[in-house]
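See structure below.
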Amino acid sequence: QVQLVESGGGLVQAGGSLRLSCATSDRTFSNYAMGWFRQAPGKEREFVARISRLGGRTYYGDSVKGRFTISRDNARNTVYLQMNDLKPEDTAVYYCAAGSGLLLDTTPNGYDYWGQGTQVTVSS
């Protein structure tokens with residue numbers, strides 16, 4: 001069981017930035033592709049970004065391309081999500097997830113372990 005803990009959420013004005021972190025103590029961290037998802041009230045969980053095991057490949061949802069950047073530090077067992085130019089529609093609970101599958105998957109079903117989520121609120 002891989003335990004993931006997100007941090008870095010908060011309240012920010014539109015146009016501002018936040019950096020989310022997701023850490024684990026599990027030494028198998030580099031065996032997993034990592035993803036970020038978000039869920040706003042009354043909406044389905046939405047894919048945000050994914051990074052491959054060694055960080056060489058990244059993939060983004062259309063709504064965040066050019067504004068968000070996913071990265072990872074396998075020595076620190078941590079994945080990051082840098083969010084710039086935030087908009088009110090980015091308001092949601094953000095979750096990190098670990099996936100053992102080898103193929104790109106932008107659906108929640110493609111991930112094995114989830115964090116508890118961190119709230120991001122963007123005011124207009």
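Along the sequence shown, the residues carry numbers beginning at 1.
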Is there a side chain to side chain contact (heavy atoms under 4.5 Å, CB included) between V64 and W36? Walk through the geometry before answering. CA-CA 11 Å; V64 306; W36 285 96; over 6 Å; no
Trace of the side chain to side chain contact (heavy atoms under 4.5 Å, CB included) decision for N77 with D26: CA-CA 7 Å; N77 294 341; D26 198 295; 6.0 Å; no
Step-by-step side-chain hydrogen bond (donor to acceptor under 3.5 Å, both in side chains) determination, S124 to Q13: CA-CA 6 Å; S124 58; Q13 289 187 334; over 6 Å; no
Please evaluate residues L4 and V2 with respect to the criterion side chain to side chain contact (heavy atoms under 4.5 Å, CB included), reporting the C-alpha separation (whole Å), side-chain torsions for both, the decisive distance (0.1 Å), and the verdict. CA-CA 6 Å; L4 304 171; V2 176; 3.8 Å; yes
Between W114 and R45, is the side chain to side chain contact (heavy atoms under 4.5 Å, CB included) condition met? List the steps. CA-CA 12 Å; W114 292 82; R45 194 162 293 193; 3.4 Å; yes
Stepwise salt bridge (charged side-chain N to carboxylate O under 4.0 Å, His left out) check, D90 with K87: CA-CA 5 Å; D90 294 318; K87 304 176 181 181; over 6 Å; no
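For residues 28-124, the pairs satisfying disulfide bond (SG atoms under 2.5 Å apart) are C22-C96, with sequence neighbours left out.
At a threshold of 4.5 Å between non-hydrogen side-chain atoms, the residues S17 and M83 do not count as touching. Contact annotation: the side chain of V120 approaches that of L20 to within less than 4.5 Å [non-hydrogen atoms, C-beta and beyond]. The side-chain heavy atoms of V93 and T118, taken from C-beta on, include no pair separated by under 4.5 Å. The shortest distance between side-chain heavy atoms of Y80 and R19 falls below 4.5 Å. Contact check for Y60 versus I70: side-chain heavy atoms found under the 4.5 Å cut-off. Using a 4.5 Å heavy-atom threshold, the side chains of E46 and S63 count as touching.
Stacking of R38 on the aromatic ring of Y95 is not recorded, the 6.0 Å distance cut-off and the 45° axial limit not both being met. Figure legend: cation-pi geometry between R72 and F29, with NZ or CZ positioned under 6.0 Å from the six-membered ring centre and within 45° of its axis. By the 6.0 Å and 45° rule, R53 does not stack over the aromatic ring of Y32.
When atom types are taken as modelled, the side chain of T24 and the backbone of Q3 share a donor-acceptor pair closer than 3.5 angstrom. A donor-acceptor pair under 3.5 Å is absent between the side-chain atoms of T91 and the main chain of T121, judged by distance alone. Checked by atom type and distance alone, the side chain of E6 pairs as donor or acceptor with a backbone atom of G117 at under 3.5 Å.
Counting all heavy atoms, side chain and backbone alike, T78 lies closest to A23 at OG1-CB, 3.8 Å.
Going from atom CZ of R67 over to atom CG of D85 covers 6.0 Å, rounded to the nearest 0.5 Å. Expressed to the nearest 0.5 Å, how far CZ of R27 lies from CG of N74 amounts to 14.5 Å.
Each of Y94, Y111, F37 was compared with F47 under the ring pair (Phe, Tyr, Trp, His ring centres under 6.0 Å) criterion, and only F37 meets it.
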Could you list the donor-acceptor pairs under 3.5 angstrom formed between side-chain atoms of residues 99-106 and any protein atom two or more places apart in sequence or on another chain?
from : atom 1 : to   : atom 2 : distance (Å)
S100 : OG     : D112 : OD2    : 2.7
D105 : OD1    : T107 : N      : 2.8
D105 : OD1    : T107 : OG1    : 2.6

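More than 12 non-hydrogen atoms from other residues, nucleotides or ligands lie less than 6.0 angstrom from CD of E89.
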